[in-house]
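Along the sequence shown, the residues carry numbers beginning at 1. These values consider heavy atoms only, across backbone and side chains, with no hydrogens, waters or symmetry-generated copies.
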Amino acid sequence: MIYYKTDAEIELIRESSLIVSKTIATLAGLLRPGITTLYLDEVAEQFIRDNGGVPSFKGFDDYPFSTCISVNDAVVHGFPTTDTLKEGDLVSIDIGVFKNGFHGDSAYTFALKDPGTAAIDLMRVTKASLYAGIEKAVAGNRIGDIAFAVQELTERKHRYGVVRELVGHGLGRELHEEPQVPNYGKRGSGAKLNESLVIAIEPMVNLGKKDVKTDADGWTIRTKDGKPSAHYEHTLCVKKGKADILSSFAAIEVAEAANTYLVSGY
Ligand code: MG
Ligand code: MG
């Protein structure tokens, strides 16, 4: 069952999504070698609660943290830990916020100087693939048009591995609603996109092969070949002509550029 949203509900999802964006921007200002991802998780939870929200992920299927922080070969669902970040790490931060009965969901991958050109290229192309997907998220298209656009840029053009096991999703009152939004697929296939459908598009793209495995913690997804992975996610609403992106990278990118420990402008 696909739930289309009213304009009022879309504004509530925007509010939750923008708290996610501000939380990630706050963490962007703190990233540096020597800090722990558990510290970032604590800051994020406090920031979300200070803004009247609840971390969507905490307690979701018994997930124990407020954030997913996935470093290097961790693709998504990484546990925050007491391990310290180090130079050259790729750090993917995924956050959900629940407020006023609605969820927002967004993710961004940062690089601590300097992971090398291959990893930076991966980040650039993965972020570009998110926007290539969003460009197709317009009324009259199908889910497969989004999926194809992401896969076309990342896998066919750049020979990266697109993760198959995890996909984007509808969201609203629930963090995960129908339809699923894969990052691979055929043009013109799948569910029709109608106005007022809210979805999260989230390419998970590996520098090496597409294959992943799950850690013993039951959550952390890693690349099988140990190569790094990148992940960017926006929550957006399907419209005629052009999607309305409900989360925002603007403040995140400003914070990224201002933090001299981070690669920016890629
Ligand atoms: Mg997410
Ligand atoms: Mg998501």
Side-chain angles (χ1 to χ4, degrees), residues 1-21 56 60 76 94-108 125-158 160 162-205 210 230-250:
M1 171 95 198
I2 290 176
Y3 298 99
Y4 296 95
K5 274 67 183 183
T6 66
D7 288 350
E9 290 172 340
I10 290 163
E11 290 316 307
L12 295 178
I13 298 172
R14 190 192 309 277
E15 186 177 340
S16 296
S17 299
L18 289 177
I19 296 172
V20 174
S21 303
S56 301
F60 182 91
V76 287
D94 190 355
I95 295 177
V97 164
F98 183 72
K99 185 178 179 183
N100 300 317
F102 289 88
H103 293 274
D105 188 7
S106 183
Y108 197 95
V125 171
T126 304
K127 195 200 276 190
S129 78
L130 168 59
Y131 288 105
I134 291 171
E135 217 168 275
K136 301 295 180 187
V138 293
N141 278 354
R142 290 183 180 273
I143 289 290
D145 295 312
I146 299 171
F148 179 88
V150 172
Q151 187 181 18
E152 180 71 5
L153 181 59
T154 54
E155 202 163 86
R156 294 193 193 86
K157 191 162 176 216
H158 287 275
Y160 296 135
V162 171
V163 174
R164 304 297 201 266
E165 289 83 349
L166 299 133
V167 296
H169 50 92
L171 71 164
R173 291 193 185 277
E174 302 293 331
L175 179 61
H176 294 151
E177 296 181 359
E178 287 183 41
Q180 293 198 342
V181 186
N183 297 303
Y184 62 96
K186 287 196 182 110
R187 265 187 288 213
S189 70
K192 188 99 168 266
L193 301 172
N194 295 315
E195 267 201 290
S196 306
L197 172 68
V198 175
I199 53 174
I201 301 179
E202 48 179 317
M204 291 153 256
V205 182
K210 67 182 186 329
H231 177 215
Y232 294 85
E233 176 179 25
H234 270 313
T235 293
L236 57 110
C237 183
V238 172
K239 297 274 189 192
K240 284 181 190 144
K242 194 170 193 279
D244 182 4
I245 304 176
L246 304 177
S247 46
S248 171
F249 289 163

Any chance you could measure [X], atom [atom1], to [Y], atom [atom2], to the nearest 0.5 Å?
{"X": "Lys136", "Y": "Ile146", "atom1": "NZ", "atom2": "CD1", "value": "10.5 Å"}
{"X": "Gln151", "Y": "Lys210", "atom1": "CD", "atom2": "NZ", "value": "10.5 Å"}
{"X": "Tyr232", "Y": "Thr126", "atom1": "OH", "atom2": "OG1", "value": "7.0 Å"}
{"X": "Ile199", "Y": "Cys237", "atom1": "CD1", "atom2": "SG", "value": "9.0 Å"}
{"X": "Ile134", "Y": "Ile245", "atom1": "CD1", "atom2": "CD1", "value": "4.0 Å"}
{"X": "Tyr108", "Y": "Lys127", "atom1": "OH", "atom2": "NZ", "value": "3.0 Å"}

Closer than 3.5 angstrom, by distance alone: can the side chain of [X] be matched with the main-chain N or O of [Y] as a donor-acceptor pair?
{"X": "Ser16", "Y": "His103", "value": "no"}
{"X": "Ser247", "Y": "Leu18", "value": "no"}
{"X": "Arg142", "Y": "Gly190", "value": "yes"}
{"X": "Glu9", "Y": "Thr6", "value": "yes"}
{"X": "Ser189", "Y": "Lys186", "value": "yes"}
{"X": "Glu178", "Y": "Met1", "value": "yes"}

Least distance between heavy atoms, [X] atom then [Y] atom:
{"X": "Val125", "Y": "Leu153", "answer": "O-CD2, 3.9 Å"}
{"X": "Val150", "Y": "Gly133", "answer": "CG2-CA, 4.1 Å"}
{"X": "Thr235", "Y": "Gly104", "answer": "OG1-C, 4.1 Å"}
{"X": "Glu202", "Y": "Asn183", "answer": "O-ND2, 3.1 Å"}
{"X": "Leu236", "Y": "Ala243", "answer": "CD1-CB, 3.9 Å"}
{"X": "Leu193", "Y": "Val238", "answer": "CB-CG1, 4.1 Å"}

Do [X] and [Y] make a side-chain contact, defined as non-hydrogen atoms from C-beta onward lying under 4.5 Å apart?
{"X": "Ser196", "Y": "Ile10", "value": "yes"}
{"X": "Phe102", "Y": "Glu11", "value": "no"}
{"X": "Pro179", "Y": "Ile2", "value": "yes"}
{"X": "Asp105", "Y": "Val20", "value": "no"}

*Is a salt bridge present between Glu177 and Lys5, judged by a nitrogen-to-oxygen distance below 4.0 Å?*
yes
*Does a salt bridge link Lys157 with Glu152, judged by any charged N lying under 4.0 Å from a carboxylate O?*
no
*Looking at His234 versus Tyr131, is the centre-to-centre ring distance below 6.0 Å?*
yes
*Check the pair Arg164, Glu155 against salt bridge (Lys or Arg N to Asp or Glu O under 4.0 Å), reporting the backbone distance first and the verdict last.*
CA-CA 12 Å; Arg164 304 297 201 266; Glu155 202 163 86; 2.9 Å; yes
*Derivation and outcome, side chain to side chain contact (heavy atoms under 4.5 Å, CB included), residues His169 and His176*: CA-CA 6 Å; His169 50 92; His176 294 151; 3.4 Å; yes
*Stepwise, does the side chain to side chain contact (heavy atoms under 4.5 Å, CB included) test hold for Phe98 with Glu174?*
CA-CA 9 Å; Phe98 183 72; Glu174 302 293 331; over 6 Å; no
*Cation-pi, Tyr3 ring and Arg173 (6.0 angstrom, 45 degrees)*: no
*Verdict with supporting geometry, Ser106 and Phe249, side chain to side chain contact (heavy atoms under 4.5 Å, CB included)*: CA-CA 9 Å; Ser106 183; Phe249 289 163; 3.7 Å; yes
*asked:* If you apply the rule side chain to side chain contact (heavy atoms under 4.5 Å, CB included), what do you find for Asn194 with Leu197, and how did you get there?
replied: CA-CA 6 Å; Asn194 295 315; Leu197 172 68; 5.6 Å; no
